[in-house]
Amino acid sequence: MKTNNQKINMLKNDSIKKVLLKLGIPTMIGMMVSALYSVVDAYFVGWLGTSQIGAITVVFPIVQVIIGLGMMFGSGAASYISRLLGENKNKDASKVASTALITSLIVGAVIIILSLCFLKTILIKLGATSTILPYATQYAFIYVSGAILNIFNVTMNNIMTSEGKAKITMIAMFLGCGLNIILDPIFIGVFNMGIQGAGFATVIAQIVTTSMYLYIIIRKKSFLRFSPKLFKPTKKTYQEILKVGVPILVFQVLASTVMGLSNNAASIYGDSAVAAVGVVTRILTLGSYVVFGFMKGFQPVAGFNFGAKQYDRLNKAIKLAFKWSTIFCSMMAIILVLFPSSIISIFSKNDLTFIEVGTKLIRANAYIFPFFGFQMVYMSLFLAMGKGKDGGLLSISRQGIFFIPLILVLPNIIGLNGVIWAQPIADALTVLLTLLFAMKVKREINILKLRKLDLVSEMSY
C-alpha cells in the first residue's frame, strides 16, 4: 500500500517534468517496441514475397479493430480511474477497472466469433486480391483466433497506466514483443511454416504478456483490485467509460476503414502497391506509436490534475508534452525525408514498383508528421478531461471527416498519387481543426483556474 500511495503522491506533488518522464518514457518505449514488432514482422514476411507482405497488409485493419476494442474499455476506464484516484475514490476505481476488463472480454469474444464466420468476405473488402487472399486467410485465422489475449492485454495495459504503473506495462510489452521478434525468423525461416509461422509467433507472444498480467492480478501487485465480485455494470460506469472509449474505438475503426480503402485503391495497381501501402503504414506507425505511448503517460497526469483542480500543473504538463512530442516528430520527419528509398528497400530490394511507390508514400507523409504530436496532445487532453465529444471529433476528423472523402475522390482524379497524398492532406486539415480546439480548451482551463482562485479568496475572508 505504501508503494501505491507513493504513486498517487507522485502524480499529485512531484514536478511535472519528472512525472511525465516516469510515466511517459516507459509507455513510450513499450509502444515503440510494439510498433517495432510490426515493422520487423513485415521484414521477415518479406522473405516470402510481395504477395505475403500484401497479406499482412490487408489483415492489419482487423488488428487495429481488435486493439480498438481493448483501448475502448482500457482507455475509457483509465480516464475515469485517473479522475477517481484524484478524488481519493479508490474503491470505486477498482470497481471500474474490474467492470471494464470483464466487459471487454465478453464483447471481444462475440466480435472474434463473428469475424471468423465472415473472414474471407472481410479480407476481400479490405483489399485482398486473388493472389493475396490465400495467404491473408491463413494468417488472419490464426491471429483472430487468439485475439482475445490481445484484447485482455491492451485493456490491462491502459488500466495499469492509469494508476501510474507504466514500468509494468513496458515490461509486459517488452516480453511479448521481444519474444515475437525472436520467434518470427525461427517459425518462418527455420521451420518453413510460411506466413502461418508469423501468426503463431504472435499468439505465443500474446500468451506470455497475458501471463504476466494474470500474475499481477492473482498476486495483487496492483493498487487496483480485479475480481468478479467487483464487476458492477452500472449505467454511470459505462457512461464514463464509453464517453471516452467510444471515440477511441471509432478512431480505430476509421483507421481500419481508411486502410481498407487505401488497400482497395492501391490494389488496382497490383500487389506491389498494396504491399508498399502496408509497409509504409507500419513505418509511420513506429513513429506514431512512440507519440501514442508518451500520451498514455501524459493522460493520467492530465486527468489526475484536472480532477484535483491543480490547473497550473495541468498547463505545464500540456506545454511539456507538446514540446517533447513535436521535437521527436520533427526529428523522425527529417530522417524520412532524407532517406525514403533506403528505408523502403529494407523490405524488398528486387520489386522496383514496391520501392518506387513506397518512397513516394514515405516522403509525402513525412512533410506533415512534425505536427502529429500537436494533434495527439490535445486529443489526449480532451479524453483525460472526460470530454469525449471533443476528443472524438478530433479523432474522426483525421481518419474520417477529411480522409475518407479524399481517398474516394483523389485516386479518380490523379491516380496513384491520390492514394499517396490523401493522408497528408487529411492531416494538414486536422492540424487546423486541432488549433481551434486548442484555443477553446486553453480558455476553459484559464476560467476554471480563475474561479478556483476566487473561491480561495472568498474562503480566506
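For reference, positions follow the sequence shown, starting with 1. Computed from heavy atoms alone, side chains included, the values below leave out hydrogens, waters and symmetry copies.
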For the side chain of [X] and the backbone of [Y], is there at least one donor-acceptor N/O pair under 3.5 Å apart?
X      : Y      : value
Ser380 : Val377 : no
Thr202 : Ala198 : yes
Arg225 : Lys91  : no
Thr99  : Lys232 : yes
Asp427 : Arg398 : no
Thr434 : Gln375 : no
Asp271 : Gly54  : no
Gln252 : Gln64  : yes
Ser104 : Gly70  : no

Q. Heavy-atom count around Tyr238 OH within 6.0 Å, excluding the residue itself: above 12?
A.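 Check passes, neighbour count above 12.
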Straight-line distance of [X] [atom1] to [Y] [atom2], nearest 0.5 Å:
X      : Y      : atom1 : atom2 : result
Asn180 : Gln206 : CG    : CD    : 7.5 Å
Leu336 : Leu361 : CG    : CG    : 12.0 Å
Phe322 : Leu381 : CZ    : CG    : 13.0 Å
Tyr139 : Ile132 : OH    : CD1   : 14.5 Å
Thr281 : Leu284 : OG1   : CG    : 6.5 Å
Ile62  : Tyr143 : CD1   : OH    : 9.5 Å

Q: Just do the side-chain contact (heavy atoms from CB on, under 4.5 Å) check on Phe200 and Phe187 with the steps written out, would you?
A: CA-CA 8 Å; Phe200 283 119; Phe187 286 178; 4.0 Å; yes
Q) Any side-chain donor-acceptor pair under 3.5 Å between Tyr80 and Asp92? A)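 No - no donor-acceptor pair under 3.5 Å links their side chains.
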Q | Side chains of Thr359 and Arg363, donor plus acceptor under 3.5 Å | A |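 No.
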Where do [X] and [Y] come nearest, in terms of heavy atoms and distance?
X      : Y      : result
Val59  : Ala140 : CG2-CB, 3.8 Å
Val274 : Ser267 : CG2-CA, 3.5 Å
Val244 : Arg83  : CG2-NH2, 4.5 Å
Ser94  : Leu230 : CB-CD1, 4.1 Å
Ile159 : Ala97  : CD1-O, 3.7 Å
Ile66  : Ala147 : CD1-CB, 3.4 Å

(Q) Between Val258 and Gln423, does the side-chain contact (heavy atoms from CB on, under 4.5 Å) criterion hold? Intermediate values first, please. (A) CA-CA 9 Å; Val258 163; Gln423 187 64 71; 4.1 Å; yes
Q: Could you tell me whether Glu240 and Lys236 have a side-chain N and a carboxylate O separated by less than 4.0 Å?
A: yes
4.5 Å side-chain heavy-atom contact, [X] and [Y]:
X      : Y      : value
Leu84  : Asn90  : no
Thr155 : Met72  : no
Val45  : Tyr135 : no
Ile216 : Met160 : yes
Arg282 : Ile56  : yes
Leu320 : Phe298 : no
Val441 : Asp390 : no
Phe141 : Leu116 : yes

Q) What do the steps show when you test Phe328 against Met28 for side-chain contact (heavy atoms from CB on, under 4.5 Å), and what is the final call? A) CA-CA 12 Å; Phe328 167 78; Met28 181 178 69; over 6 Å; no
Q. Strictly under 6.0 Å, is that where the ring centroids of Phe292 and Phe372 end up?
A.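 Yes: the rings meet the under 6.0 Å criterion.
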Q | Proximity of Phe374 and Phe371 rings by center, below 6.0 Å | A |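 No, they do not, as the ring centres are separated by 6.0 Å or more.
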Q.
Using the rule given for side-chain contact (heavy atoms from CB on, under 4.5 Å), can you reason through Ile168 versus Met212, listing the C-alpha separation, both sets of side-chain angles and the distance that settles it, and then say yes or no?
A. CA-CA 9 Å; Ile168 289 178; Met212 181 174 178; 4.3 Å; yes
Q: Have a look at Asn153 and tell me which of Thr210, Asn158, Thr209 forms a side-chain hydrogen bond (donor to acceptor under 3.5 Å, both in side chains) with it.
A: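 Of the listed residues Thr210, Asn158, Thr209, the side-chain hydrogen bond (donor to acceptor under 3.5 Å, both in side chains) partner of Asn153 is Thr210.
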